[in-house]
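Okay, structure first, notes after.
First the proteins, then the strands, lettered A, B, ... as listed; each starts at 1.
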Protein chains: 2
Amino acid sequence: MSAREQRQVASGAGLSTRLVVAEAVRLADRDGADGLSMRRLAAELGLGAMSLYHYVANKDELLDAMIDVVFEEIELPPDDTDWQSAMRRRAVSARQVLARHPWAIGLIESRTSPGPANLRHREAVTACLRRAGFPVLMATHANWVLDSYVYGFALQESSLPFDTADELAELAEDVFLPQLPPDEFPYLNESAAALVAAGYDPAEEFSFGLDLVLAALEPLRDPA
Amino acid sequence: MSAREQRQVASGAGLSTRLVVAEAVRLADRDGADGLSMRRLAAELGLGAMSLYHYVANKDELLDAMIDVVFEEIELPPDDTDWQSAMRRRAVSARQVLARHPWAIGLIESRTSPGPANLRHREAVTACLRRAGFPVLMATHANWVLDSYVYGFALQESSLPFDTADELAELAEDVFLPQLPPDEFPYLNESAAALVAAGYDPAEEFSFGLDLVLAALEPLRDPA
DNA sequence: TAGTACAGCGTACGACGTACGGTGTACGAA
DNA sequence: TTCGTACACCGTACGTCGTACGCTGTACTA
């Protein structure tokens, strides 16, 4: 029995590994990945720094657990609709969750062992694709394409310095365009202007690409 | 004139900001983002820690500069072919570069101001799409879809604990499958088995999704 | 010959993760 | 009632981090 499992069982009353990890997620949401330190987390919980090590083996394990909490928040593809609707539901949910916890995206790069929620998620998605008639290897391909799109979109979105169309318009005028001489960046200027005029909505932008990918995957199903 | 620009001009003989950043990239490639510290970087260059601050304002600026070096390595879309070939070239190049510098992916999340190479890259890609006949807003959409796919793929690839089909086969047998009880994860087991049997090549996997996306974008061009 | 840049460094401060060895309280057994 | 034990928790300390501050020495100019 590892130290971690031991603690998870114990202390039915007050603290628990789950609560510690949850508070860590809250802290990272508020202050970013760099703002999360064992000391600050402990202080937030009213503990001394070293007390955390009764619930978590080390910071690395804490980060792994935090990522798995994030995966837990992502909706699984429902199995009472067509596969496209199901995959859309879970993709949209994933984007929302990752936008809420942007630190998670940067963390994924450095941790290589998926947690239980992650595995459950992958199983559910693969199941949905297989039942929709995708051959085994096609389901793998579809999985890669969809996950790449979702993670990549979340990554890009998290690195944007604005969240809404209004903020974009403001920033474009005050910061971006002054940095983009029209003779050197004619196309970016054109795009920026068009984008400000048309309005920018991350959810819509996400939908566009998602529908494109889903439609492109459709013909790869086996005509069961 | 900022401290940084000042240094870039000075010291024509030995060190320069460019060399410092280049060495930082090498160090991050070798030891990961966490392995890069100002002291270690300085030591690698035969300097005291504080000497670095003659070339770089602070670590944050160093990280920004490192990311821009990475973007510099990515091939721009050539303009002597059809748009699909051009976008494929730059996407394949981007994947290769990001696989060489996986730390860059995790860094992107937390830095919001694109460097000059990044801007030049975006301009070139947008130009290619516009010239291929995509209307302004369609070009923006295409940009989002393609970049999302590329970054997302790179992110996933960097978080895989294996690089080749052989390593996958080995890990699957020794680590993955024992963790995946067949009754709980039937589809992941099926996928893993099929993947081991068929062999796994990241470049091929990348190509599959890339071609899918490119083909899906084709009809969105304006029939100029 | 004096003055001025500038590359480079030594020291120090506050924060970090965490190893190690405590302390107090709760509780079952004697 | 007493004692042993388990467990939640913590204080201190070590090595590392980024970097502020102020000092060297060298090279070159006036």
Side-chain angles (χ1 to χ4, degrees), chain A residues 1-25 27-28 30-67 103 106-107 110-111, chain B residues 1-25 27-28 30-67 103 106-107 110-111:
Chain A
M1 207 180 198
S2 81
R4 183 185 171 194
E5 291 164 324
Q6 203 174 14
R7 304 310 169 188
Q8 277 177 333
V9 173
S11 90
L15 239 35
S16 71
T17 299
R18 290 183 59 83
L19 286 181
V20 168
V21 175
E23 185 62 37
V25 168
L27 224 166
R30 171 148 52 84
D31 300 335
D34 289 344
L36 173 69
S37 80
M38 298 300 269
R39 287 175 223 259
R40 305 226 294 136
L41 172 57
E44 212 75 22
L45 291 163
L47 294 180
M50 291 314 291
S51 303
L52 290 179
Y53 291 87
H54 283 276
Y55 301 100
V56 160
N58 50 45
K59 193 178 184 182
D60 246 45
E61 199 180 87
L62 172 65
L63 294 177
D64 279 334
M66 289 169 67
I67 293 207
W103 46 267
L107 245 41
S110 49
R111 22 228 71 246
Chain B
M1 206 180 198
S2 79
R4 183 186 172 191
E5 291 164 325
Q6 206 175 12
R7 304 312 168 185
Q8 278 177 335
V9 174
S11 89
L15 239 35
S16 73
T17 299
R18 290 183 59 82
L19 286 182
V20 168
V21 175
E23 184 62 36
V25 168
L27 222 163
R30 172 147 52 83
D31 300 337
D34 289 344
L36 173 69
S37 80
M38 298 299 270
R39 287 174 224 260
R40 305 226 294 136
L41 173 57
E44 211 76 23
L45 290 162
L47 295 179
M50 293 314 292
S51 303
L52 290 180
Y53 290 87
H54 282 276
Y55 302 99
V56 159
N58 49 45
K59 194 180 183 182
D60 246 43
E61 200 180 87
L62 172 65
L63 294 177
D64 279 334
M66 289 169 66
I67 293 206
W103 47 267
L107 246 41
S110 48
R111 23 227 72 244

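Salt-bridge formation is detected for the pair B/Arg30/B/Glu44: a Lys NZ or Arg NE/NH1/NH2 atom is positioned less than 4.0 Å from an Asp or Glu carboxylate oxygen.
Using a 4.0 Å cut-off, no side-chain N or O of B/Ser51 falls inside it from OP1 or OP2 of C/dA7.
Rounding to whole angstrom units, CG of residue A/Asp31 and P of C/dA15 are separated by 15 Å. One atom, CD of A/Glu61, and another, C1' of C/dG17, lie 15 Å apart when rounded to the nearest Å. The distance between atom CG of B/Leu47 and atom P of C/dG10, rounded to the nearest whole Å, is 11 Å.
The line from CD of A/Glu23 to CG of A/Leu19 is 9.0 Å long, rounded to the nearest 0.5 Å. Here the straight-line distance linking atom CG of A/Leu36 with atom CG of A/Leu63 works out to 6.5 Å at 0.5 Å rounding.
Contact record, A/Arg39 with A/Ala49: CG-CB, 3.9 Å, taken as the closest heavy-atom pair.
Of all nucleotides listed (C/dC9, C/dA7, D/dA8), C/dA7 comes nearest to the side chain of B/Tyr55.
Using a 4.5 Å heavy-atom threshold, the side chains of A/Leu52 and A/Leu45 count as touching.
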* **Letter per nucleotide, 5' to 3', of nucleotides 16-23 of chain D [B base touched, S only sugar-phosphate touched, - untouched; heavy atoms, 4.0 Å]** => -BBBBB--
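Residues satisfying the side-chain contact (heavy atoms from CB on, under 4.5 Å) test with B/Arg40, not counting sequence neighbours, are B/Leu27, B/Asp31, B/Ser37.
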